[in-house]
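In what follows, chains carry the letters A, B, and so on, assigned in the order in which the sequence lines appear, proteins first and then strands, with residues in each chain numbered from 1.
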There are 2 protein chains.
Amino acid sequence: MRVPMISKIEEEVFTPRQQAVLTAALDLLVENGDGLTMTAVARRASCSKETLYKWFGDRDGLLTATVQWQAAKVRMPQVNRSSLNAKALRASVEQFARDLLTVLIGEISITLNRTAVTHAAQEKDSLGAIVLENGPMAIRRRLKPILEAGRDARLLRFDSSEDAYRTFFGLVVRDVQIRLLLGDKTLTQINVEANIEADVQTATDQFFALYGADKTQ
Amino acid sequence: MRVPMISKIEEEVFTPRQQAVLTAALDLLVENGDGLTMTAVARRASCSKETLYKWFGDRDGLLTATVQWQAAKVRMPQVNRSSLNAKALRASVEQFARDLLTVLIGEISITLNRTAVTHAAQEKDSLGAIVLENGPMAIRRRLKPILEAGRDARLLRFDSSEDAYRTFFGLVVRDVQIRLLLGDKTLTQINVEANIEADVQTATDQFFALYGADKTQ
DNA sequence: ACCCAGGCGTACCGTACGGTACGGTTCTGC
DNA sequence: GCAGAACCGTACCGTACGGTACGCCTGGGT
């Protein structure tokens, strides 16, 4: 009985067949919300329930594997931190904002976050940890050094890079994520997508207005 | 059979006994996460399941009534918008930030939001709408006129009060809410509470830095 | 040609829970 | 005091779903 030892750090490897199963599970999650039953996954993936239990242990294991596998797929493009003039820094920050917003409003992200929140409502934080780790925290890990490089180059000013990052997050995400998670009908994904670019520009402008060293900004 | 017609607008009135039942339901929600079973509520409230169904129709009705009733309880203190000098405006905005943050990090808010998100994962948005309506939207409705009054008094500058409000929301909430919803262990409620005042000050400073008409701010 | 591990499909079991029925009890109006 | 309504407690039903068992098939190794 192969029960994957899934942790936040270890990257689990799945066979193509297993990935097909996980894809089916994710599709069901996206379609049916939490209507993820073992029977449904088995039928969708054309496999037997017994196989599911052999591979993933139990329902929670399947859920965890699905979230883990999908969340890890979110690999945002690296930005070069070689050149550090003002223009390049701005472009980098802007790109981070775009990446963050694009991911967060995606249907898959919404589904994974909803699943993790639901999970967290049952005294289980494993899914939440995975989602956090692969979403906001991944962005943070990559943005922080850039911010600090910007500070070293006297292009940015802040005391705590942690605070700077979190303000950046707030400026970019605002109330979009929570509203999407809550199913706000007045905020269609299409509408949000159309405004991404403008929102990214605004957020970046505001971030530099707050943390840019150049006061004439 | 009395099935309350609950809508976003209509305020439902509950008898004291019914409120005791709703309190029991909320307590169970907070304690057990989503472990809200009709049997558990009946036992906790010392009432019969039949009564629950008579009063609330079905499980969803009970859930809706609980969220509705509890969310409507969040009545934040009104701020006076009579005097509109810079100092009073700043105090008002600051108070809004404090109210918003205090509510959002509360255990009840977390529970209600989690419940609504879970609900939204099942193609039902009624709870989400209620939570949004009584949380962020309630703040927005009250903050917007103040912002606009501030603009009229040439103390603030912005094109869209909607955008200004949403930026305010982002600056105040940042990633706190989503992390709490996901059960982030590195963010204890106690820790957050201790930093409320500092965060409120920072967010208010930043808001005025972005939207204040006084450039020497 | 044969074996057998791995996997499919399905039937099955136990349980939890939403919802209903009903007898007994307390409260209320007359 | 009495009739009726409201309500409590509990037993009960049906179903959905997590988890298991088992028979059959297939494909690769010898």
Provide the start and end nucleotides, 5' to 3', of the part of DNA chain C that has atoms under 4.0 Å from heavy atoms of chain B.
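Boundary nucleotides touching chain B, in 5' to 3' order, are C/dC17 to C/dC22.
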Go through the structure and list residues passing side-chain hydrogen bond (donor to acceptor under 3.5 Å, both in side chains) with A/Arg44, not counting sequence neighbours.
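A/Arg44 satisfies side-chain hydrogen bond (donor to acceptor under 3.5 Å, both in side chains) with A/Glu31 only.
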Under the side-chain hydrogen bond (donor to acceptor under 3.5 Å, both in side chains) test, which residues partner B/Arg140, sequence neighbours left out?
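Checked B/Arg140 against side-chain hydrogen bond (donor to acceptor under 3.5 Å, both in side chains); matches are B/Glu162.
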Classify the nucleic acid contact of [X] as base, sugar-phosphate or nothing, counting any heavy atom under 4.0 Å across all strands shown.
X	answer
B/Arg43	nothing
B/Leu62	nothing
B/Leu36	sugar-phosphate

Pairwise 5' ranking along DNA chain C for B/Asp60 and A/Ser48, keeping only the more 5' one
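That would be A/Ser48.
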With sequence neighbours excluded, residues passing side-chain contact (heavy atoms from CB on, under 4.5 Å) with A/Asn32:
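Applying side-chain contact (heavy atoms from CB on, under 4.5 Å) to A/Asn32 gives A/Leu28.
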When you measure from the side chain of B/Arg114 to the backbone of B/Leu181, do you find a donor-acceptor pair of N or O atoms at a distance under 3.5 Å?
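Between the backbone of B/Leu181 and the side chain of B/Arg114 there is a qualifying donor-acceptor contact (under 3.5 Å).
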Counterpart residues, salt bridge (charged side-chain N to carboxylate O under 4.0 Å, His left out), relative to B/Asp60 (two or more places apart):
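By the salt bridge (charged side-chain N to carboxylate O under 4.0 Å, His left out) rule, B/Asp60 matches B/Lys124.
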So, is B/Trp55 close to the D/dC7 phosphate, meaning a side-chain N or O under 4.0 Å from OP1 or OP2?
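B/Trp55 to D/dC7 OP1/OP2: side-chain N or O found under 4.0 Å.
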Take the protein atom NZ of B/Lys54 and the nucleotide atom P of D/dA5, then report the distance between them rounded to whole Å.
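Between P of D/dA5 and NZ of B/Lys54: 10 Å.
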Of all residues at least two apart in sequence or in a different chain, which pass the ring-ring contact (aromatic ring centres under 6.0 Å, His included) check with A/Phe168?
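Once residues adjacent in sequence are excluded, the partners of A/Phe168 under the ring-ring contact (aromatic ring centres under 6.0 Å, His included) criterion are A/Phe207.
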